[in-house]
**Q** 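The structure follows.
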Amino acid sequence: MSAPCEPRATAPASAPPSPPPLPPVPSATATASASAPAAGWPALDWRIRFAGLSLIWGFSFLLIKVGTEGYAPFQVTFGRLLAGTAVLVAAMAMRRERLPRSARTWGHLTVAALLLNALPFSLFSYAELTIPSTLAGICNATSPLWGMALSVVALSEDRPTRRRVAGLGVGFLGVLTVLGAWQGFSGLDLPGTGMALLASFCYPVGWIYVRRTLAGTGSSTLALTGSQLCLATVQLAVVTPLFTSAPTSFPLLPTLCVLALGALGTGLAVLLQYGLVQEVGPTTAQMVTYFIPVIATAAGVALLGEQLSWNTPVGAIVVLVGAALTQSRPRRAATTPTLAPAPKGGPPAAPAPGSPPVEAAARGPLPPQP
C-alpha cells in the first residue's frame, strides 16, 4: 500500500476551485521538531524512516500473496484495514484528535475510502491469486502515469510539459515491455494483471477527488486519514460476508501476514509518510514510490521463488523512468509556492500495497501505498 499534504495542522478556511499551493517550507530545525512527534519516531533520522517506509510498502505485495493462501481476498482486505485502523485510532487517541463533524466531509470521505482503500486493496488481493507479487508491485508503479494522464483532464492548473508527456509515453512503453506485448501477452494472466493495473489507477482518481472535495475541512491529516480508514473498514465489513463465508481455521503464517500488512503497511506506514511529508516535503517523500517495485521484486524472487524473464526487470526500469519524468516540474523562484505532487501508490501513497488519506485537507487524507 496509503498517499501528499502540506506541513500545517489545519486546512484553509474554504475550499478553492483548484488545489491551493503549499506554503513556503519552514526552516529545517523548525520542520524537524514539528514533524518528529507526528511521525512517532523523534530519535530516527528521516533517511532511516524513508528506508523503513520503502521496505514496508515493498514487502506489502509479498504479504498479500501469502495472506491469500489462507484467506479469501476480501478477508485479506478486511483484516488489513481493521489492523491499520486500530493503529491510527490509537495514534488519534494519543494526540487527542477530533473526528470531522460535517456530514458533507463524512460523505466525501466515504467515497475517498472506496477509491483509495477498499477498492484498490481488494483488487490487488484478487489479482495476486493469479499473478506473481513481483508483477503486482510493478503494476503499482504505474500510478504516477495514470495520475499524469488524469491531471491533464481533471486539474486545469497542472499543464503538461513536453518532458512529462514524454514520460507518459516512456512509462506505458515500459508497461508493454513488462507484459511482453510483442509475444501477444502469452503466458500472462490478463484478468489478474488488469485488476492490478486498475488498482493502481484507483489511487490518482481518488487523490484528484480528495483534492477537489476535501479542501478546507478544518480537520487534521491524521483525523481525516483515520476516519477514512474507519469508513473503508466498515465498507469491507458489509461486503465481505456477501461474497465469502466465515473462515473455518486461522493458519498462522497467512494470519501474521495479514496483521503485519495492516498494522505496518496500512497503519504505521501512514504515520511514517505523514512525518516525512512534514519534514522533507512531498516531493522527496513521494520518491519512496520508485523503491517499492524494486523491493517487491526482490522479495518475491528471494522469498517466494517467483521467476523473472528479462522483460520484467527491464520493463520495470522503463516504467520508473517514465514515472519520474511525469513528476518533473518546471523550476520556480524560491519565493514561489509549489503545488503538492499527485500521489503515487502510493503508494500510493503512494503507499502504498499501501498506501495508501490526509493533511490539511487542502490535500485531503494521505493515500496509502500500495
Side-chain angles (χ1 to χ4, degrees), residues 1 50-51 54-55 57-65 120 123-124 127-149 162-201 203-204 286-328 342-354 369-370:
M1 356 144 239
F50 183 96
S54 301
L55 287 172
W57 276 339
F59 271 87
S60 292
F61 296 97
L62 181 148
L63 295 176
I64 292 173
K65 188 72 173 180
L123 286 170
F124 272 125
E128 291 200 44
L129 289 176
T130 55
I131 68 172
S133 64
T134 54
L135 180 56
I138 293 171
C139 288
N140 181 74
T142 63
S143 284
L145 305 179
W146 300 120
M148 188 271 170
R162 290 182 180 179
R163 177 180 294 184
R164 298 182 68 202
V165 172
L168 185 63
V170 169
F172 282 111
L173 179 62
V175 173
L176 294 177
T177 303
V178 170
L179 302 182
W182 65 92
Q183 305 176 30
F185 307 107
S186 61
L188 184 71
D189 185 82
L190 292 178
T193 305
M195 284 188 284
L197 290 172
L198 181 58
S200 302
F201 179 74
Y203 290 128
Q286 76 164 0
M287 292 298 292
V288 69
T289 303
Y290 306 118
F291 291 88
I292 293 174
V294 177
I295 296 172
T297 299
V301 172
L303 299 179
L304 297 181
E306 297 177 345
Q307 300 298 313
L308 286 180
S309 58
W310 69 267
N311 58 298
T312 301
V314 170
I317 293 173
V318 177
V319 167
L320 294 178
V321 170
L325 289 174
T326 64
Q327 297 304 296
S328 63
K344 35 231 169 122
Q369 291 283 331

**Q** Do you know the tightest heavy-atom contact between Val178 and Thr312?
**A** CG2-O, 3.8 Å
**Q** Search all heavy atoms of Val318 against all heavy atoms of Val170 and return the closest pair with its distance.
**A** CG1-O, 3.2 Å
**Q** Report yes or no: does Asn311 contribute a side-chain atom to a donor-acceptor pair with the main-chain N or O of Thr177 at less than 3.5 Å?
**A** yes
**Q** Given side chains that start at C-beta, do those of Ile292 and Phe61 come closer than 4.5 Å, heavy atoms only?
**A** yes
**Q** List the residues meeting ring pair (Phe, Tyr, Trp, His ring centres under 6.0 Å) with Phe172, not counting sequence neighbours, and say none if there are none.
**A** Trp146
**Q** Between Ala324 and Tyr290, what is the shortest heavy-atom contact and its length?
**A** CA-OH, 3.5 Å
**Q** Are the side chains of Pro144 and Thr289 in contact, using a 4.5 Å heavy-atom criterion?
**A** yes
**Q** So does Leu190 get a backbone contact from the side chain of Thr193, meaning a donor-acceptor N/O pair under 3.5 Å?
**A**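 Side chain of Thr193 to backbone of Leu190, a donor-acceptor pair under 3.5 Å: no, none is there.
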**Q** Are the side chains of Val301 and Gln307 in touch, meaning some heavy atoms are under 4.5 Å apart?
**A** no
**Q** Please report the interatomic distance CG(Leu145) to CG(Leu168), rounded to the nearest 0.5 Å.
**A**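 Going from the CG atom of Leu145 to the CG atom of Leu168 covers 6.0 Å.
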**Q** Which residues pass the side chain to side chain contact (heavy atoms under 4.5 Å, CB included) test with Ala141, sequence neighbours left out?
**A**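 With sequence neighbours excluded, Ala141 shows a side chain to side chain contact (heavy atoms under 4.5 Å, CB included) to Pro293, Val319, Leu320, given in chain and number order.
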**Q** Apply side chain to side chain contact (heavy atoms under 4.5 Å, CB included) to Leu63 and list each qualifying residue two or more places apart in sequence or on a separate chain.
**A** Cys257, Ala260, Leu261
**Q** Under a 4.5 Å cut-off applied to non-hydrogen side-chain atoms, are Leu135 and Cys139 in contact?
**A**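 Yes. Closest side-chain heavy atoms under 4.5 Å.
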**Q** Quick one: closest heavy-atom pair of Ala127 and Gly192, and the distance?
**A**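 Where Ala127 meets Gly192 most closely, the heavy atoms are CB-O, 3.2 Å.
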**Q** Which atoms form the tightest heavy-atom contact between Ser143 and Ser200, and what is the distance?
**A** OG-O, 2.9 Å
**Q** Measure the shortest side-chain to side-chain distance between Leu325 and Arg164 over non-hydrogen atoms and say whether it is less than 4.5 angstrom.
**A** no
**Q** Which distance, rounded to the nearest 0.5 Å, do you find between the CD1 of Ile295 and the CG of Leu55?
**A** 4.5 Å
**Q** Taking atom types as modelled, find out whether Glu128 and Ser133 have a side-chain donor-acceptor pair closer than 3.5 angstrom.
**A** no
**Q** Does the side-chain contact (heavy atoms from CB on, under 4.5 Å) test come out yes or no for Met195 and Phe124, once each step is laid out?
**A** CA-CA 7 Å; Met195 284 188 284; Phe124 272 125; over 6 Å; no
**Q** Examine distances only and state if a side-chain atom of Lys65 and a backbone atom of Ile131 form a donor-acceptor pair shorter than 3.5 Å.
**A** yes
**Q** Taking atom CZ as the centre, does Phe291 end up with more than 12 heavy-atom neighbours from other residues, nucleotides or ligands that are less than 6.0 angstrom away?
**A**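 At most 12 heavy atoms, drawn from other residues, nucleotides or ligands, come within 6.0 Å of this atom.
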